[in-house]
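Heads up, the thing below is written out as structure tokens.
All values below come from the heavy atoms of this structure, side chains included, with hydrogens, waters and symmetry mates left out.
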Amino acid sequence: MPSENLRWETLEALKNSPKGRIKYSPDCLERGENILAGCKEVTSLSPLSGHILKSLSRASSFGSPTRDTSPGTTENAPIYTSLPISPHQTLTTPVSPSTSLTLFATEIGDVTINSDSTADLSPDLSSTPPTAIFLLSPRATQMAGCIRICEENHRAKAKSALSLRQELQEQLVAAVAGRESEQMKRFEELMELKQRQEYQSIRDMMEKETQESLGRQEKLKEEYRHRTKILNLRLREMEQQRLREAELERQRQVEGRERLRTLNAIQEEVLQLNQLLEPAPPAHLGLSVDHTSYITRGNQLCSQVSEVIRTTAEVSYVSFVEDMTVTERALQEMRSLLRALQEEVAQAQERKKKEQEEEEEKKKKQAELKVQQEEQKKSPALSAKDKIRKQGLQDIAEDSTFKWYTELQDLASQYSQSFEDLNNAKDMQTKKLRMELQKAATIPVSQISSISGSQLKEIFDKIDKLLSGRAVVSGGKSVSTSQHPHGLEYVSYKLAEKFVKQGEEEVASHHEAAFPIAVVASGMWELHPRVGNLILAHLHKKCPYAVPHYPDMKEGTSIEEYQKILGYRVDDSGVEGQDSFLKRMSGMIRLYAAIIQLRWPHSNKQGPGPHGLNHGWRWLAQMLNMEPLADVTATLLFDFLEVCGNALMKHYRGQFWKLLVLIKEEYFSRIEAVTSAGQLGSVTRLKQFLESALRNKQIDPPKGQLTSAFWRA
């Protein structure tokens, strides 16, 4: 195994050679390193090269190779020969021992091997030895070629990897450069957008400031115009106030002179009335009337008025209102004194006259009684119907009825005179109070309806509160009758007038409205009797047939005035038509018929109402005792019986049916006798009503009557 050992020695030598110590790395080219950097130094022959050459020469001279029996060599052991290629490059080629000398001689040309070559190849060579060529065996050469091929493959792979890496690096750089370029573009666009936005915001801010400045300017201009307008208005108001004050002062002077003349007239009237207090002896003989107290009080009032006028003239119209109040009060008291004196005188005269009449009446009755006793002895008694026919019917109301009518009208006149100062007030505050009181009294009456009982009770309580002197809210303002000395009289008068007006207008158009209005009026009548008397007074004045009373036409009265007394409306256009007149009369009679049968359900008092069914029976009886009027009597009888007939039937029963029979058999013929052909409508309605009631022995309840369900609503 010598050759195998030699091979291993050769490989060990190659391993220990400079090139064998080269460390191969695929990344050496990328790092910029030279692969052969470790073997660039010039190699020199070893100290044994001389012996090798001698052996080669000896073998060549003998023509046969000399076998080296040394343990370090073999037959096929390669011999390294170094051939000079260039000063910086050495080619190492394996050659066989037989051809090594020839190759060596051929390559070196003129180089001659002599005895001194040993010295040249010794270790003691010069610093620049000649380049040598190492000759290797074929196997070594093959191995070296494989190594070179492997190195070339590695180099090619490294170059390919390097080129691929360079391409990837270039692509990465290009991608990064592209991204950076895009980012730069986006950044530039963002900066440009920010610049535009900043520019836009600055421009908007400038425009906003401009608009605000313009708005402030407009506001200042508007404020200036407004202040100018206010100043002009104030100047105008001050000028108007000055003119008003001047006008008021002028009016004050005029009123002062007028009031002074009024005071003088009052003083004159007081003096005249004082003279009337003096007794007239011839006229009052036999009358026990004491004039002393009246004359004393009259002289005191005259002195008081004279003192007031003297003071007023001295202070030049300063205290006119107080002075007028004092003098008017003195005048009223003087009139009251005179009226009281006259009433006392009249009463004394009346007493004397009554005494005389009673004496004459006694004498007359005694004479008539004697005559009647004689006649009863001569003739049989007459039946009741014959007496009625003999006596006939009246053309005017009975004395008691007429007296009652007159008293009610006097009461209304007294109320009207009591608040005359409120009604004729000239100062604005009193006028305003009068209007508020009138609204507080009339508006609730206008709101009466048949919607629900709770609403009706609320209206009733409001009116009752006003009449009781407590404050109520009307038109958003608080008002009370206690705000004026005659406020209660004024409210009572206007309230009664409004109730009658509702009957004249609302009930005339809607017959069912009579019952809610009547029940409130009846409740007011029960709690405040003066209101009920005023309602009757207004009703009798507008509808005298509610008494019943047919006024006579007095001498000197015009036809228009007489028609007003009869209840007709007369204005500039003339007298109203008969249909309109009958419609209004019908509404008021229906209201009256509803009042006499109704009573306020929430009242605490017991017994009959303040104006009950007995007054309805009285009215019906007195209507039948008077001569019928064409178209009026039939209309009013029908309306009255239709509204109040059911209540009268339940209360009087048989007596009521006798009365209906009397109307149908006796009185209806008189109505037909005075009715013309164009006035048969009301007569026909009355006839049908009487026939139906007598045939069925029943009168249906009127339409619109308030039921218990209504009061629970």
Measure from the side-chain N and O atoms of [X] to the backbone N and O of [Y], and report whether any donor-acceptor pair falls under 3.5 Å.
{"X": "Ser522", "Y": "Leu598", "value": "yes"}
{"X": "Gln438", "Y": "Leu495", "value": "no"}
{"X": "Trp600", "Y": "Leu527", "value": "no"}
{"X": "Ser586", "Y": "Leu582", "value": "no"}
{"X": "Ser478", "Y": "Ala471", "value": "no"}
{"X": "Ser468", "Y": "Arg470", "value": "no"}
{"X": "His484", "Y": "His486", "value": "yes"}

Under the salt bridge (Lys or Arg N to Asp or Glu O under 4.0 Å) test, which residues partner [X], sequence neighbours left out?
{"X": "Glu269", "value": "Arg335"}
{"X": "Glu436", "value": "Lys477"}
{"X": "Lys494", "value": "Glu497"}
{"X": "Lys501", "value": "none"}

Determine the minimum heavy-atom distance between [X] and [Y], stating which atoms define it.
{"X": "Ala440", "Y": "Pro444", "value": "O-CD, 3.2 Å"}
{"X": "Ala496", "Y": "Val531", "value": "CB-O, 3.9 Å"}
{"X": "Leu456", "Y": "Ile448", "value": "CD1-CG2, 3.6 Å"}
{"X": "Tyr667", "Y": "Met623", "value": "OH-O, 3.1 Å"}
{"X": "Lys462", "Y": "Val472", "value": "O-CG1, 3.8 Å"}
{"X": "Val674", "Y": "Ala630", "value": "O-CB, 3.2 Å"}

Please evaluate residues Gln253 and Glu249 with respect to the criterion side-chain hydrogen bond (donor to acceptor under 3.5 Å, both in side chains), reporting the C-alpha separation (whole Å), side-chain torsions for both, the decisive distance (0.1 Å), and the verdict. CA-CA 6 Å; Gln253 296 291 334; Glu249 183 63 25; 3.1 Å; yes
Any [X] side-chain heavy atom under 4.5 Å of [Y] side chain:
{"X": "Ile595", "Y": "Ile517", "result": "no"}
{"X": "Leu648", "Y": "Phe640", "result": "yes"}
{"X": "Pro544", "Y": "Tyr550", "result": "no"}
{"X": "Thr633", "Y": "Glu627", "result": "no"}
{"X": "His528", "Y": "Ser492", "result": "no"}
{"X": "Ser306", "Y": "Val270", "result": "no"}
{"X": "Leu591", "Y": "Leu539", "result": "no"}
{"X": "Phe581", "Y": "Val632", "result": "yes"}

So how far is it from [X] [atom1] to [Y] [atom2], rounded to the nearest 0.5 Å?
{"X": "Ile589", "Y": "Phe638", "atom1": "CD1", "atom2": "CZ", "value": "14.0 Å"}
{"X": "Leu433", "Y": "Gln483", "atom1": "CG", "atom2": "CD", "value": "5.0 Å"}
{"X": "Leu331", "Y": "Glu268", "atom1": "CG", "atom2": "CD", "value": "11.5 Å"}
{"X": "Ile266", "Y": "Arg329", "atom1": "CD1", "atom2": "CZ", "value": "12.0 Å"}
{"X": "Leu636", "Y": "Leu620", "atom1": "CG", "atom2": "CG", "value": "11.5 Å"}
{"X": "Ile459", "Y": "Ile443", "atom1": "CD1", "atom2": "CD1", "value": "11.5 Å"}

Does atom CD (Gln240) have a neighbourhood of more than 12 heavy atoms from anything else shown, all under 6.0 Å? yes
For His510, does the NE2 atom sit with more than 12 other heavy atoms under 6.0 Å from it, leaving out its own atoms? no
Could I get the full list of ring-ring contact (aromatic ring centres under 6.0 Å, His included) partners for [X], not counting sequence neighbours?
{"X": "Tyr490", "answer": "Phe419"}
{"X": "His611", "answer": "Trp525, Tyr592, His615"}
{"X": "Trp617", "answer": "Tyr652"}
{"X": "His511", "answer": "none"}

Mind jotting down which residue pairs meet the side chain to side chain donor-acceptor pair (under 3.5 Å) criterion with at least one end in residues 408-435? Sequence neighbours excluded, please. Asp427-Thr430
Can I get a per-line list of side-chain donor-acceptor pairs under 3.5 Å for residues 559-566, giving both atom names and the distance, sequence neighbours left out?
residue	atom	partner	partner atom	Å
Tyr562	OH	Pro551	O	2.7

Examine His538 together with Phe499 and report whether their ring centres are nearer than 6.0 Å. no
Taking the ring of His549 and the ring of Trp404, is the distance between their centroids below 6.0 Å? no
Quick one, Phe515 with Gln597, criterion side chain to side chain contact (heavy atoms under 4.5 Å, CB included). Give me CA distance, side-chain angles, the key distance, then yes/no. CA-CA 10 Å; Phe515 294 95; Gln597 64 174 310; 4.0 Å; yes
We want to know whether Gln332 and Glu328 form a side-chain donor-acceptor pair, criterion being a heavy-atom distance below 3.5 angstrom.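 Absent: no donor and acceptor within the cut-off.
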Any side-chain donor paired with an acceptor under 3.5 Å for Arg244 and Gln241?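 Short answer, yes.
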Verify side chain to side chain contact (heavy atoms under 4.5 Å, CB included) between Gln349 and Val345, making sure each step is shown before the conclusion. CA-CA 6 Å; Gln349 292 177 350; Val345 172; 3.7 Å; yes
Before accepting this row, confirm whether a basic side-chain N of the pair Glu245/Arg242 lies closer than 4.0 Å to the acidic partner's carboxylate O. no
Cationic N near anionic O, under 4.0 Å, Asp461 to Lys457: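 Here Asp461 pairs with Lys457 in a salt bridge, since their nearest N and O are under 4.0 Å apart.
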Of all residues at least two apart in sequence or in a different chain, which pass the side chain to side chain donor-acceptor pair (under 3.5 Å) check with Ser573? Asp571
Residue pairs, two or more places apart or on separate chains, that pass salt bridge (charged side-chain N to carboxylate O under 4.0 Å, His left out) and touch residues 581-592: Glu504-Arg584, Glu576-Arg584, Arg590-Asp639, Arg590-Glu642
Start with the C-alpha gap between Leu467 and Met524, add the side-chain angles, then the distance that decides, and say whether side chain to side chain contact (heavy atoms under 4.5 Å, CB included) holds. CA-CA 9 Å; Leu467 292 174; Met524 289 295 108; 3.7 Å; yes
Please report the C-alpha distance between Met588 and Val500 in whole Å, then the side-chain angles of each, then the deciding distance to 0.1 Å, and finally whether the side chain to side chain contact (heavy atoms under 4.5 Å, CB included) criterion is met. CA-CA 7 Å; Met588 287 185 281; Val500 177; 4.0 Å; yes
